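Report on the following structure.
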Protein chains: 2
Amino acid sequence: MTSENQELKKAGLKVTLPRVKILQILETAGDRHMSADDVYRTLLNQGEDVGLATVYRVLTQFETAGLVIRHHFEAGTAVFEMAKGEHHDHMVCLDTGKVIEFYDPIIEQRQKEIAEEHGFVIEEHNLTLYVRPKG
Amino acid sequence: MTSENQELKKAGLKVTLPRVKILQILETAGDRHMSADDVYRTLLNQGEDVGLATVYRVLTQFETAGLVIRHHFEAGTAVFEMAKGEHHDHMVCLDTGKVIEFYDPIIEQRQKEIAEEHGFVIEEHNLTLYVRPKG
DNA sequence: CTAATTGCAAAAGCTTTGCAGCGCA
DNA sequence: TGCGCTGCAAAGCTTTTGCAATTAG
């Protein structure tokens with residue numbers, strides 16, 4: 001039994017070809033964040049006959065199950081990445097489109113403090129730096 | 001000459017009724033962030049006969065001119081706010097939808113440092129906390 | 001066997017665009 | 001008067017949904 005199958009079962013999802021393939025694609029993508037359409041095209045390139053609607057449905061199911069995280073970096077299209085254990089933020093290079101992940105305890109701590117100062121608790125947050133190469 | 005007219009002229013835009021009205025609506029909105037549709041409905045309520053397409057065009061022009069800022073808090077719809085002088089981040093209450101603005105020098109500083117550690121300069125950034133009332 | 005899943009096509013938002021007419025400078 | 005601006009309608013994009021056929025357990 002592959003690890004993909006275990007992940008799907010644990011999420012309460014039937015082990016179907018589209019789900020296994022999409023999970024593999026996302027795991028292979030590494031730090032690259034893929035849109036639903038990116039995943040769809042990759043499937044087509046692999047010769048798999050999966051509908052775009054299924055890709056959307058599966059990605060949403062994965063998100064609900066906590067397997068993947070959905071981001072809205074730029075308007076219009078959402079991108080997905082595998083949910084690794086720890087939280088992290090993103091730096092997106094405006095020149096190359098490259099995405100760098102980072103985690104800063106100081107920022108995390110300040111966020112929590114600021115929310116509490118206003119009488120709130122953070123449910124989640126989004127920090128994205130849009131950057132260009134220095135010099 | 002009203003201040004709206006001056007702002008528009010300075011932005012190189014002709015002073016037209018839709019533009020003046022939309023600018024007034026945004027200025028009146030205060031901390032409330034409005035979608036294009038919110039602005040459109042407000043215009044209709046005021047008895048103004050302005051098309052939704054015009055609202056979108058004008059808001060985009062205002063954004064280009066630096067008069068307003070466009071946010072994508074939740075997927076789907078963009079919201080707009082007047083560009084006040086200083087930068088600030090947002091806290092969005094998941095229960096009420098209320099938006100609170102804040103600014104934290106420590107976080108700003110760390111962001112800059114982190115970008116530089118990776119050889120980048122921040123062009124802009126987006127920090128949004130999604131929160132719920134404490135307790 | 002039976003409920004979950006899928007593909008296709010159609011629908012549903014939000015936003016943009018083409019075009020003829022209107023209006024500011 | 002001339003070019004910019006507007007309204008309307010249509011098109012564009014991403015994402016969702018209805019439905020009959022298919023498939024996993």
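Below, each value reflects all heavy atoms present in this structure, side chains not excepted, and no hydrogens, waters or symmetry copies. Please read all numbers here as calculations on a predicted model, not as lab measurements. Here is how names work: the chains are called A, B, and so on, in the same order as the sequence lines, proteins then strands, and each is numbered from 1.
Counted by atom type alone, R70(B) and T60(B) present one or more donor-acceptor pairs between their side chains at under 3.5 Å. A donor atom on one side chain and an acceptor atom on the other are found under 3.5 Å apart for H87(B) and D89(B). N45(A) and T42(A) share no side-chain donor-acceptor pair at under 3.5 Å.
Look at T54(B) and you'll find a side-chain N or O under 4.0 angstrom from OP1 or OP2 of dG7(D). Contact between the side-chain N/O atoms of Y56(A) and the OP1/OP2 oxygens of dT15(D) is found at a separation under 4.0 Å. The phosphate of dT6(C) (OP1 or OP2) has a side-chain N or O of T16(A) nearer than 4.0 angstrom.
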Which atoms of nucleotides 2-4 of chain C (N or O only) lie under 3.5 Å from a protein N or O atom, and what are those distances?
| from | atom 1 | to | atom 2 | distance (Å) |
| --- | --- | --- | --- | --- |
| dA4(C) | O4' | K14(A) | NZ | 3.4 |

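A donor and an acceptor atom sit less than 3.5 Å apart, one in the side chain of R57(B) and one in the base of dG7(D).
By the 30° and 60° cut-offs, the orientation of the rings of H71(B) relative to F73(B) is parallel.
Membership of an apolar cluster is not assigned to V121(B), as no side-chain contact below 4.5 Å to another ILVMFWY residue is traced.
D37(A) comes within 4.0 angstrom of nothing in the nucleic acid, heavy atoms only.
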Show your working on side chain to side chain contact (heavy atoms under 4.5 Å, CB included) between E48(B) and L17(B) and close with a plain yes or no.
-> CA-CA 9 Å; E48(B) 302 295 343; L17(B) 184 140; 3.4 Å; yes

